[in-house]
Amino acid sequence: RGMIETGFGRAATIKPMSGEALSVFFRRAVELEKGVLEMLEVRRGIEVQSAFLAAQRRTAEELTAMEKTVKQMREHLSKPSQYAEYDVTFHLQVAAASQNKILYFLVESIRNSLKEGNLVGLKHRVSKEEFEHVQETHEHILEAFKRKNASAASKAMAAHFDDAVAAISLRAVAKKV
């Protein structure tokens, strides 16, 4: 089972399921006037549920991979572009650990806009303390995964997205003033 792909002068083929079809939509959506902010609002719902399930279903191997990624994030805290790459990896790892293929495909399909959104969010952080806070939220999520505490994981992920939306909204208002 998969997606049927057609093309002029070619036979129809069946491709495996992936987030590719939605990725074009999401790449265009972040170009809208409030695209990054609205994408964060959409991602919040997807990723809070993903964190809830990941805390319950993650394997020891998945937890080890997430621990390594969060450690790499800390090591690259002063390098936003590299930090954003590791952040995308972490969020994809969380989606994979949810053991829900549809959630994974949704997060995978927004990974390009995910990186762009992460960079925009990081650019709205101006102090070392703000960058440290972003890192600490990821560490709180990871701690909840270690304890297999789905409620704490989903609350930490929600707080993470609420902080990102607030940072972007605050800076957008400041620019208008």
Side-chain angles (χ1 to χ4, degrees), residues 1-7 10-32 34-70 72-73 83-122 134 137-165 168:
R1 294 184 173 215
M3 303 287 290
I4 297 175
E5 183 178 89
T6 60
R10 297 183 323 188
T13 57
I14 298 177
K15 293 182 72 170
M17 289 279 290
S18 75
E20 187 180 332
L22 285 172
S23 67
V24 174
F25 169 79
F26 288 127
R27 275 195 306 271
R28 298 280 315 276
V30 295
E31 295 171 4
L32 298 172
K34 296 181 185 178
V36 171
L37 183 59
E38 290 176 349
M39 182 63 72
L40 281 172
E41 292 171 346
V42 169
R43 281 182 53 205
R44 183 186 189 279
I46 293 167
E47 297 212 35
V48 167
Q49 179 65 12
S50 185
F52 184 87
L53 295 174
Q56 296 174 329
R57 300 173 179 174
R58 60 94 180 144
T59 65
E61 294 80 17
E62 289 167 327
L63 179 62
T64 299
M66 288 185 279
E67 287 173 324
K68 180 180 177 185
T69 300
V70 170
Q72 290 169 321
M73 290 169 71
Y83 186 90
E85 288 286 344
Y86 288 117
D87 190 40
V88 169
T89 298
F90 177 73
H91 286 273
L92 285 169
Q93 289 170 328
V94 171
S98 78
Q99 310 300 325
N100 182 312
K101 288 182 178 135
I102 294 172
L103 276 174
Y104 181 81
F105 289 143
L106 283 168
V107 174
E108 179 190 44
S109 71
I110 59 177
R111 74 173 171 239
N112 291 329
S113 59
L114 184 70
K115 182 180 177 191
E116 180 62 29
N118 291 350
L119 281 170
V120 168
L122 290 171
V134 171
T137 62
H138 288 90
E139 292 167 355
H140 291 308
I141 295 164
L142 183 63
E143 286 302 315
F145 290 156
K146 288 179 183 178
R147 296 188 319 270
K148 289 196 162 218
N149 186 330
S151 177
S154 62
K155 286 178 183 172
M157 187 66 82
H160 172 48
F161 277 92
D162 291 345
D163 287 346
V165 168
I168 290 173

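Since we're looking at a predicted model, the values are computed, not measured. What's counted below: heavy atoms across the whole structure, side chains too, no hydrogens, waters or symmetry copies.
- If you take CG on Leu103 and OG on Ser98, they are separated by 4.5 Å, rounding to the nearest 0.5 Å.
- Nearest heavy-atom pair across Ala153 and Phe145 is CB-CE2, 3.7 Å.
- With a 4.5 Å cut-off on side-chain heavy atoms, Phe90 and Ile141 count as touching.
- Taking the side chain as every heavy atom from C-beta outward, Glu108 and Lys101 never approach each other to under 4.5 Å.
- Minimum interatomic distance between Ala152 and Arg147 (heavy atoms only, all atoms of both residues): CB-NH2, 3.6 Å.
- Contact check for Lys148 versus Arg58: side-chain heavy atoms found under the 4.5 Å cut-off.
- Going from atom CD1 of Ile46 over to atom OH of Tyr104 covers 14.0 Å, rounded to the nearest 0.5 Å.
- Using a 4.5 Å heavy-atom cutoff, the side chains of Val48 and Phe52 are not in contact.
- For Ala55 against Ala150, the heavy-atom pair with the smallest separation is CB-CA, 3.6 Å.
- Salt bridge status for Glu67 with Lys146: present, with a side-chain N to carboxylate O gap under 4.0 Å.
- Between Met157 and Val94 the shortest side-chain heavy-atom distance falls below 4.5 Å.
- Taking a 6.0 Å sphere around CZ of Arg28, one finds it holds 12 or fewer heavy atoms contributed by other residues, nucleotides or ligands.
- Here the NE2 atom belonging to His91 is positioned 3.5 Å from the NE2 atom belonging to His138, to the nearest 0.5 angstrom.
- Between Val134 and Asp163, every side-chain heavy-atom pair lies at or beyond the 4.5 Å cut-off.
- Summarising the geometry, atom CD1 belonging to Ile110 is positioned 9.0 Å from atom CG belonging to Leu40; distances are rounded to the nearest 0.5 Å.
- Taking 4.0 Å as the cut-off between side-chain N and carboxylate O, Glu47 and Arg43 count as a salt-bridged pair.
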(message) Applying side-chain hydrogen bond (donor to acceptor under 3.5 Å, both in side chains) to Glu61 and Thr64, what does each step give before you reach the verdict?
(response) CA-CA 5 Å; Glu61 294 80 17; Thr64 299; over 6 Å; no
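- Heavy-atom minimum distance, Glu62 versus Ala96: OE2-O, 3.7 Å.
- How far CE of Met39 is from NZ of Lys34: 15.5 Å, rounded to the nearest 0.5 Å.
- Between the side chains of Gln93 and Thr69, at least one donor-acceptor pair of N or O atoms lies under 3.5 Å.
- Atom CZ of residue Phe105 and atom CG of residue Asn100 lie 10.0 Å apart, to the nearest 0.5 angstrom.
- For the residue pair Arg44 and Ala158, the shortest heavy atom distance occurs at NH2-CB, 3.2 Å.
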